[in-house]
Amino acid sequence: MDFTDSPEIAEFRSGLRAWLANNLADHLHPPGGDEVAEMLSWQRAIAEAGYVAVSFPAEYGGHDLPPVLEAVVNQELAAAGAPPPPPVGHIGHALLDHGSDELRSRFLPGLLTCRESWCQGFSEPGAGSDLASVSTAGVVDEEAGTVRVTGQKIWTSGAMWSRWCLLLLRTEPDLPRHKGLSMIVVDMASPGIDRRQITMSTGGKEFAEVFFDGVEVPLDQMVGPRGGGWAAAMSMLNFERGPADMGFSSRIGRDLAEAERRIEAGEVAADHAVRRRFAELRAMVTVLNWHVDRSLANRGTPQAPDASVDKLFTTRVEQAVYPAILDLSASSMVDGADGVFDRYLYSRAQSIYGGTQQVQRNLVAQRLLGLPRK
């Protein structure tokens, strides 16, 4: 196997490194600032530089480059200690693959250039891993050309500052669970929307719960046909579950490399057993990175149940790496100055969000291995 960059990848990587060297310092600020404003400023800057949505069509704000370069972006940002790229790929692909030409032209440019922020309205208090149980209702008025939305979403990332929400809702209550769902774009400034922030154990304020009380949404903002929401949601989750799109593998690799540096520099005590443990982790992370590159180079577009394999593998690696890093030094668990303890806490959720481990194993067993359901 040859893992040497092709000339095209090498040129892209070199350009990104140069841009980071000249611009990253302007977007690394000490604690105490407006974290949301700083994050949005970073996202717009990296998009303007041409390093967001690199594999999307140019007509919608992308750059028509090979999908493998999405992984290169994540690799270089992690290596430089930069904030992650904007997580626009999964929402962007839902619009690109299932939206009408009008919806693509209307919404993709703002999303892919980071001029407008988006969130994803999927999980509910009674519908998490069992997404088919979504109960947020959308009453369609064909004559008025509207959908009246009532219900609640929870754990909605970025809802507090997003302009648009890609919402999964039930428009066909008389049909079977999977066939009664639709997907629609909702303006988060609409009357009847109440956003309430959720503060995590780390102090992070990424999540919110959102209440919809008779919110009127134009019917022409529906993504795909009525009752076609399940297919669009599954396609979207394939990208959210993939480590390449979300940048998990690169972040894990960066933190592991710093722990290895501390061991080699003698900053922490490391006997033979510790070194053996970290050697095993390095092998796991290396294979994960190869897997990401192969997935993007060979496939381009994640397809279930392949994305479930990605999710299972990433979870296994992440939940092995962070406990080992914390074991190196108790100080990381006390002050959290390097952010590793926060990422350890967040890693515990990796086996839940985007579909639990049990759900992913069922998908692999039934759809990849062809095992019987009972």
Side-chain angles (χ1 to χ4, degrees), residues 40 43-44 46-47 50-65 67 70 73 85-123 131 134 136 138 140 145-147 149 153 156-159 161-169 171 181-190 193 210 212 215 217-242 244-247 296 299-304 307 354:
L40 296 177
Q43 291 179 351
R44 287 191 293 270
I46 194 172
Y51 296 111
V52 173
V54 296
S55 63
F56 278 78
E59 63 180 304
Y60 300 124
H63 300 280
D64 279 323
L65 295 173
E70 303 278 6
V73 171
V88 302
H90 56 308
I91 294 178
H93 277 287
L95 294 171
L96 183 66
D97 298 340
H98 299 275
S100 64
D101 289 341
E102 181 182 357
L103 284 181
R104 294 173 191 158
S105 298
R106 180 181 176 188
F107 290 119
L108 277 175
L111 170 68
L112 300 183
T113 60
C114 298
R115 295 195 303 267
E116 295 178 325
S117 296
W118 285 65
C119 60
Q120 165 190 338
F122 276 26
S123 294
L131 199 57
V134 160
T136 294
V140 177
T146 62
V147 181
V149 180
K153 297 293 179 178
T156 308
S157 302
W161 56 81
S162 290
R163 169 63 194 280
W164 302 101
C165 177
L166 193 58
L167 187 72
L168 190 65
L169 73 170
T171 56
L181 300 174
S182 299
M183 185 177 286
I184 197 166
V185 176
V186 179
D187 186 342
M188 293 294 283
S190 302
I193 294 180
V210 185
F212 301 86
V215 179
V217 183
L219 185 56
D220 62 8
Q221 290 179 193
M222 190 168 287
V223 179
R226 283 179 59 177
W230 182 255
M234 292 302 99
S235 174
M236 183 174 172
L237 284 174
N238 290 339
F239 287 93
E240 186 180 16
R241 290 167 179 163
D245 186 59
M246 307 306 288
L296 287 171
R299 200 169 56 208
T301 303
Q303 300 290 332

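All values derive from a computational prediction rather than experimental measurement.
Residues satisfying the side chain to side chain donor-acceptor pair (under 3.5 Å) test with W164, not counting sequence neighbours, are E116.
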Item to complete: May I have the step-by-step check of side chain to side chain contact (heavy atoms under 4.5 Å, CB included) for V217 and L167, ending in yes or no?
Response: CA-CA 11 Å; V217 183; L167 187 72; over 6 Å; no
Worksheet item: Given R163 and D187, is the side chain to side chain contact (heavy atoms under 4.5 Å, CB included) satisfied, shown in steps?
Response: CA-CA 6 Å; R163 169 63 194 280; D187 186 342; 3.0 Å; yes
Practice prompt. Show the numbers, then the answer: is there a side chain to side chain contact (heavy atoms under 4.5 Å, CB included) between F212 and K153?
Written response: CA-CA 8 Å; F212 301 86; K153 297 293 179 178; 3.9 Å; yes
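When each of T171, V134, L169 is tested with L181 by the rule side-chain contact (heavy atoms from CB on, under 4.5 Å), just one qualifies, namely V134.
For R44 (side chain) and C114 (main-chain N/O), no donor-acceptor pair under 3.5 Å exists by modelled atom type. With hydrogens and angles disregarded, a donor-acceptor distance shorter than 3.5 Å links the side chain of S182 to the backbone of G227.
Atoms CE and CG, from M236 and D97 in turn, are 11.5 Å apart once rounded to the nearest 0.5 Å. Separation of atoms CG (L65) and CZ (F56) is listed at 12.5 Å; rounding is to 0.5 Å. Within the model, atoms OG1 of T113 and CG of L108 stand 10.0 Å from one another, a figure rounded to the nearest 0.5 Å. Of the inter-residue distances, the one linking E59 atom CD with R104 atom CZ reads 8.5 Å to the nearest 0.5 angstrom. Atom OG in S105 sits 11.0 Å away from atom CG in L95 (nearest 0.5 Å).
Of all non-hydrogen atoms in P218 and I184, the two that sit nearest each other are O-CD1, 3.7 Å. Of all non-hydrogen atoms in P57 and D64, the two that sit nearest each other are CA-OD1, 3.2 Å. The minimum heavy-atom distance between C119 and S157, with the atom names listed, is CB-O, 3.2 Å. Taking both residues in full, the closest heavy atoms of L131 and A233 are given as CD2-CB, 4.4 Å, listed atom of the first, atom of the second, then distance. Nearest heavy-atom pair across S55 and P67 is CB-CA, 3.8 Å. Of all heavy-atom pairs between V52 and L112, the closest is CG1-O, 3.5 Å.
For the pair V185 and L166, the minimum side-chain heavy-atom distance is below 4.5 Å. Counting only heavy atoms from C-beta outward, the side chains of S117 and L40 approach each other to under 4.5 Å. Looking at P87 and Q43, their side chains come closer than 4.5 Å, going by heavy atoms from C-beta outward. Using a 4.5 Å heavy-atom threshold, the side chains of M183 and H98 count as separate. Between V140 and V147, the closest side-chain pair of non-hydrogen atoms falls below 4.5 Å.
Ring pair F107/W118 is perpendicular by interplanar angle, where above 60° counts as perpendicular and below 30° as parallel.
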